[in-house]
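Right, one structure below, let's go through it.
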Protein chains: 2
Amino acid sequence: MNVVNESPRRKELTRLAAQLFVQEGFDRTTVRMLAQEMGIKSGSLFHHFRDKQEILAAVIEEGTQNALTLARHALEQCGGSAEDRLHAMARAHLETLLTDRNAHVVALYEWRRLDSEARAHLSHLRDAYEALWEAVIDEALDDGLIRGDRFLVSRFVMGALNWTVRWYDPEGPRKPEDLAHELIAMIAPSTQAAQAVSTKV
Amino acid sequence: MNVVNESPRRKELTRLAAQLFVQEGFDRTTVRMLAQEMGIKSGSLFHHFRDKQEILAAVIEEGTQNALTLARHALEQCGGSAEDRLHAMARAHLETLLTDRNAHVVALYEWRRLDSEARAHLSHLRDAYEALWEAVIDEALDDGLIRGDRFLVSRFVMGALNWTVRWYDPEGPRKPEDLAHELIAMIAPSTQAAQAVSTKV
DNA sequence: GTCTATAAACGGATAGAC
DNA sequence: GTCTATCCGTTTATAGAC
């Protein structure tokens, strides 16, 4: 249903909605604000979306799908070592979060605001993305690159990455790639990455 | 003003408000919901708080003050090594976040919803707590326990810890102390903690 | 596909009695 | 310190014209 209903107009509106949801939060974003940002009146919005919930669902679907596609692409492009793959995954994650800076952020931070139907419909997408992460973490564990409990390590890593949204300054000197590099240096000290960091100090 | 205005009644109401704010989020929590939880009518609420904003400010002040007090206490009690201190700090942080599970969570996740006056009034408290963290991270860096950029390491660590709120199951087998232990094992592999983890695998 | 107009419900907050 | 009653702005969503 959502795949069929993808007019270019609707896609553009979804993109604008994502921006507002990040800035204000879903609850504080009114349909009037959305409409104004889109250059139409609030009544017209409901020609494109059944209700406000459906806008949120569209944004989150877009954000997760996008993250999934970019992550898969990054994993195909990168080298075959566990470190390469972990780095590629972290970098892709941060780029969708900090550069694109919209739909993926909403997917992470406003998931709770989805009603149960939308959650059921989108959870498979979310699971697919998390499965990709789990696989990369597993490889890094098997390789001895990092150590610890599978469950906890993946959640700590995701937490460190997801929290960047709160403090990252896009105008600052650090790029998403730098952050990915530094995170891996922090948790996998026997890598080239870590050597570079430790000699720098 | 806030220190003076601390009737036991108001403190109890603040505690209940924190619980609802965690469950529903600040924006979705109505004054009617708050009143019902407190066993009074919505009009009576405004005898204790000037407006809804002041309730949020009270919760966040309580949560941050509490985290600060417990962290200071933990640092006084623990051993003097950098690892001991980092562990004590992480453990205290997680306990206020996951066991108490209320006001500190609100302080972290609803800070953005404070108006500018409240933010100005509370930022010194927040800064004091973050300064405690920075000091402990600095000690760990100086000691060689962990490596990397001061700014990034502290934010990655805080992110990993703060994100636990999203997935931690209080009914599960892991205690906050276990999480603190595993996080340090992950980022400081030359410790006893890490040895235990790696031999377990 | 967008507009105007408006319904219907809900939100925070106040006044004054007890 | 709490209650009842209520004001009034805001919100989501709909109806029907263009």
Side-chain angles (χ1 to χ4, degrees), chain A residues 1-2 4-60 106 110 112-119, chain B residues 1-2 4-61 106 110-119:
Chain A
M1 198 192 294
N2 279 306
V4 180
N5 198 359
E6 279 294 310
S7 67
R9 183 76 176 128
R10 183 176 153 125
K11 246 211 146 186
E12 169 68 0
L13 298 180
T14 302
R15 206 184 56 78
L16 290 167
Q19 197 185 329
L20 268 178
F21 289 165
V22 170
Q23 271 172 38
E24 306 286 330
F26 174 70
D27 290 327
R28 276 170 126 99
T29 304
T30 68
V31 293
R32 291 193 227 290
M33 293 165 69
L34 288 164
Q36 186 169 33
E37 193 78 7
M38 297 162 180
I40 57 179
K41 301 291 178 181
S42 67
S44 309
L45 242 181
F46 296 91
H47 177 76
H48 302 280
F49 303 93
R50 189 160 15 98
D51 53 23
K52 199 187 164 193
Q53 266 288 321
E54 196 179 278
I55 307 181
L56 179 61
V59 170
I60 290 184
V106 176
E110 305 285 1
R112 289 176 27 157
R113 306 276 86 114
L114 286 173
D115 60 33
S116 49
E117 303 159 50
R119 221 176 296 192
Chain B
M1 195 192 296
N2 278 306
V4 179
N5 198 359
E6 278 295 308
S7 67
R9 182 74 176 128
R10 183 176 153 123
K11 247 211 145 186
E12 169 69 0
L13 298 181
T14 302
R15 206 184 55 79
L16 291 167
Q19 197 185 329
L20 268 179
F21 289 164
V22 171
Q23 271 172 38
E24 307 287 329
F26 175 70
D27 289 326
R28 275 168 124 99
T29 304
T30 68
V31 294
R32 287 175 174 81
M33 293 164 69
L34 287 164
Q36 185 169 35
E37 192 77 8
M38 297 162 179
I40 56 180
K41 300 293 177 180
S42 67
S44 309
L45 241 181
F46 296 91
H47 177 76
H48 302 280
F49 302 93
R50 189 161 15 97
D51 53 22
K52 198 187 164 192
Q53 265 288 320
E54 197 180 278
I55 307 180
L56 179 61
V59 170
I60 290 183
E61 177 165 24
V106 176
E110 305 285 0
W111 178 269
R112 287 175 27 154
R113 308 276 90 115
L114 285 174
D115 61 33
S116 51
E117 303 158 51
R119 221 177 296 193

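The sequence lines fix the lettering, A, B, ..., with proteins before strands; numbering per chain opens at 1.
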Discussion item. Does B:F21 form a side chain to side chain contact (heavy atoms under 4.5 Å, CB included) with B:L34? I'd like the steps, not just the answer.
Written reply: CA-CA 9 Å; B:F21 289 164; B:L34 287 164; 4.1 Å; yes
Item to complete: Test B:I55 against B:L45 for side chain to side chain contact (heavy atoms under 4.5 Å, CB included), laying out the working first.
Response: CA-CA 10 Å; B:I55 307 180; B:L45 241 181; 4.1 Å; yes
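Contact annotation: B:S44 reaches the phosphate of D:dC3 (side-chain N/O to OP1 or OP2, under 4.0 Å). Phosphate proximity of C:dT2 to A:R9: present, with a side-chain N or O under 4.0 Å from OP1 or OP2. Listed pair A:H47 / C:dG1 meets the phosphate criterion, a side-chain N or O lying under 4.0 Å from OP1 or OP2. Contact check, A:R10 against C:dG1: no side-chain N or O comes under 4.0 Å of OP1 or OP2.
A:K52 places a side-chain N or O within donor-acceptor distance of the main-chain N or O of A:T29, the cut-off being under 3.5 Å.
With hydrogens and angles ignored, a donor-acceptor pair under 3.5 angstrom links the side chain of B:R32 to the base of C:dG12.
Among C:dC3, D:dT11, C:dG12, the nucleotide with an atom closest to any side-chain atom of B:V31 is C:dG12. The side chain of A:F46 lies closest to D:dT12, out of D:dT2, C:dG12, D:dT12.
Between A:F26 and A:V59 the shortest side-chain heavy-atom distance does not fall below 4.5 Å.
Between the NZ atom of B:K52 and the P atom of C:dA13 there is a distance of 8 Å, rounded to whole Å. The distance from atom CZ of B:F26 to atom C1' of C:dG12 is 11 Å, rounded to the nearest whole Å. One atom, CZ of A:R28, and another, P of C:dG11, lie 15 Å apart when rounded to the nearest Å. Per the geometry, NE2 belonging to B:H48 stands 15 Å off P belonging to C:dA13, to the nearest Å. To the nearest angstrom, P of D:dT14 lies 11 Å from CD of A:E54. As a whole-Å value, the separation of B:L34 CG from D:dT2 C1' is 16 Å. When rounded to the nearest whole Å, the span between CG of B:D27 and P of D:dT12 equals 12 Å. The separation between B:D51 atom CG and C:dT14 atom P is 8 Å, rounded to whole Å.
Where B:S42 and A:Q53 meet DNA chain D, the nucleotide closest to each residue was compared, and B:S42 sits on the side nearer the 5' end.
To the nearest 0.5 Å, atoms CD (B:Q53) and CG (B:D51) are separated by 6.5 Å.
Within the 4.0 angstrom heavy-atom criterion, base atoms lie near B:K41.
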